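Here is the structure we will look at.
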Amino acid sequence: MKTIENLIQRVKENDDLALLLLFERYKPMITAVTKRYFIRNLDENDWNQEALIVCYESAGLYDFERGTTFGTFFRLRLQNRAKNLLRFELAKRRALYASAISYEALKEQGQICDPSYEQASLPTSIELSNFIQTLSQLEVIALTVITGLVDLDQASMTAQVPPETIKRAIARTRIKMRAYFLR
């Protein structure tokens with residue numbers, strides 16, 4: 001019993017290793033308590049995390065002179081935490097969550113077809129060639145600015161027009177691109 005008291009004292013002094021040792025010592029009791037309760041979204045790791053938190057809190061609150069053993073105190077607190085989690089799960093305002101099905105599960109079952117998540121396809125060279133044929137000569141030069149092949153000043157000198165004209169051609173080309181490829 002001295003070792004448990006020693007571990008509890010070390011946990012009170014924020015010794016993480018002592019907490020893990022204390023937790024492992026009571027692992028069978030933790031398993032017995034958690035098997036009695038089914039809570040929808042709590043797996044074994046979640047239960048272990050809850051139990052570790054309760055173990056830490058219990059060690060901090062445990063009073064050696066109260067007359068109860070730490071195991072009894074810890075088990076009672078763990079049962080109370082499980083009941084609180086169950087109460088939270090069964091609350092009327094969360095009743096709809098119990099029958100909810102995740103979006104991913106519905107998608108895997110084929111009940112949802114969401115085209116917005118499908119990967120967009122890149123236009124082929126034939127599509128690009130067809131698109132470029134719909135553009136004026138000035139809009140083709142604007143496309144080279146959009147793609148970064150030339151800058152605005154170079155395009156302005158090539159087309160022998162002011163930069164504002166190239167800017168307007170860029171805007172028209174973007175509108176035409178959206179209309180052509182997102183049809």
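Predicted model, so just to flag it, every value in this text is computed and none were measured. Below, each value reflects all heavy atoms present in this structure, side chains not excepted, and no hydrogens, waters or symmetry copies.
Neither Met157 nor Leu149 shares a network with the other; the hydrophobic side chains, linked directly or stepwise wherever heavy atoms of I, L, V, M, F, W or Y lie under 4.5 Å apart, form separate groups for each. Connection of Leu76 to Val54 is not established within any shared hydrophobic cluster, with ILVMFWY side chains joined at heavy-atom distances below 4.5 Å, either directly or through further cluster members. A continuous path of Ile, Leu, Val, Met, Phe, Trp and Tyr side chains, each step under 4.5 Å between heavy atoms, connects Val140 with Val161, placing both in one hydrophobic cluster. In the hydrophobic clustering of ILVMFWY residues, with side-chain heavy atoms under 4.5 Å counting as a link, Val145 and Ile175 come out apart. Hydrophobic clustering keeps Ile53 apart from Tyr62 (ILVMFWY residues linked when any side-chain heavy atoms are closer than 4.5 Å, directly or through intermediates).
Taking all atoms of both residues into account, the shortest heavy-atom contact from Ile141 to Ala155 is CG2-CB, 3.6 Å. Here the closest non-hydrogen pair linking Ala159 and Leu138 is CB-CD1, 3.8 Å. The minimum heavy-atom distance linking Pro162 with Ser156 is given by the pair C-OG, 3.6 Å. When all heavy atoms are compared, the tightest approach of Ala18 to Arg10 is CB-CB, 3.6 Å.
Residues satisfying the ring-ring contact (aromatic ring centres under 6.0 Å, His included) test with Phe38, not counting sequence neighbours, are none. Under the side chain to side chain contact (heavy atoms under 4.5 Å, CB included) criterion, Pro28 pairs with no residue, sequence neighbours left out. A search for side chain to side chain contact (heavy atoms under 4.5 Å, CB included) contacts involving Tyr37 returns Val33, Trp47, Gln79, Ala82, Lys83, Leu86, not counting sequence neighbours. Legend: residues meeting side chain to side chain contact (heavy atoms under 4.5 Å, CB included) with Ser129, ordered by chain and number and at least two apart, are Gln133.
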* **Trace of the side-chain contact (heavy atoms from CB on, under 4.5 Å) decision for Ile30 with Phe23** => CA-CA 9 Å; Ile30 293 168; Phe23 179 78; 3.3 Å; yes
* Can you check ring pair (Phe, Tyr, Trp, His ring centres under 6.0 Å) on Phe70 and Tyr26, steps first, answer last? -> CA-CA 10 Å; Phe70 176 75; Tyr26 287 99; 5.5 Å; yes
* **Intermediate values then yes/no, side-chain contact (heavy atoms from CB on, under 4.5 Å), Met177 and Leu143** => CA-CA 10 Å; Met177 251 194 301; Leu143 183 61; 4.2 Å; yes
* To do: Could you please spell out the steps behind the side-chain contact (heavy atoms from CB on, under 4.5 Å) verdict for Thr68 and Asp63?
  => CA-CA 9 Å; Thr68 61; Asp63 185 7; over 6 Å; no
* For Ile146 and Thr173, what are the C-alpha separation, side-chain angles and deciding distance, and is it a side-chain contact (heavy atoms from CB on, under 4.5 Å)? -> CA-CA 9 Å; Ile146 292 171; Thr173 305; 3.9 Å; yes
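No more than 12 heavy-atom neighbours from other residues, nucleotides or ligands sit within 6.0 angstrom of CD on Gln137. The environment of CD1 in Ile126 is sparse: at most 12 heavy-atom neighbours from other residues, nucleotides or ligands sit within 6.0 Å.
Among residue pairs with one or both ends in residues 131-157, those qualifying as salt bridge (charged side-chain N to carboxylate O under 4.0 Å, His left out) are Glu139-Arg172, Glu139-Lys176; sequence neighbours excluded. Among residues at least two apart or in separate chains, side chain to side chain donor-acceptor pair (under 3.5 Å) pairs with a member in residues 49-59 are Asn14-Tyr56, Glu50-Arg81, Glu57-Arg77, Glu57-Arg81, Ser58-Arg77.
Here the side chains of Leu85 and Leu42 are in contact, with some heavy-atom distance below 4.5 Å.
The structure places CG of Leu20 at 13.5 Å from CZ of Arg25, a figure rounded to the nearest 0.5 Å. Interatomic distance, Ile170 CD1 to Thr144 OG1, rounded to the nearest 0.5 Å: 8.5 Å. Rounding to the nearest 0.5 angstrom, the gap separating the CZ atom in Phe74 from the CE atom in Met29 is 4.5 Å. Put simply, CG on Asn130 and OG1 on Thr124 are 8.0 Å apart, with the number rounded to the nearest 0.5 Å. Remark: Lys27 NZ to Cys55 SG distance equals 11.0 Å, nearest 0.5 Å. Once rounded to the nearest 0.5 Å, the distance linking CG of Asp15 with CG of Leu21 reads 8.0 Å.
Without hydrogens or angle criteria, Lys167 side chain to Leu152 main chain gives no donor-acceptor distance under 3.5 Å.
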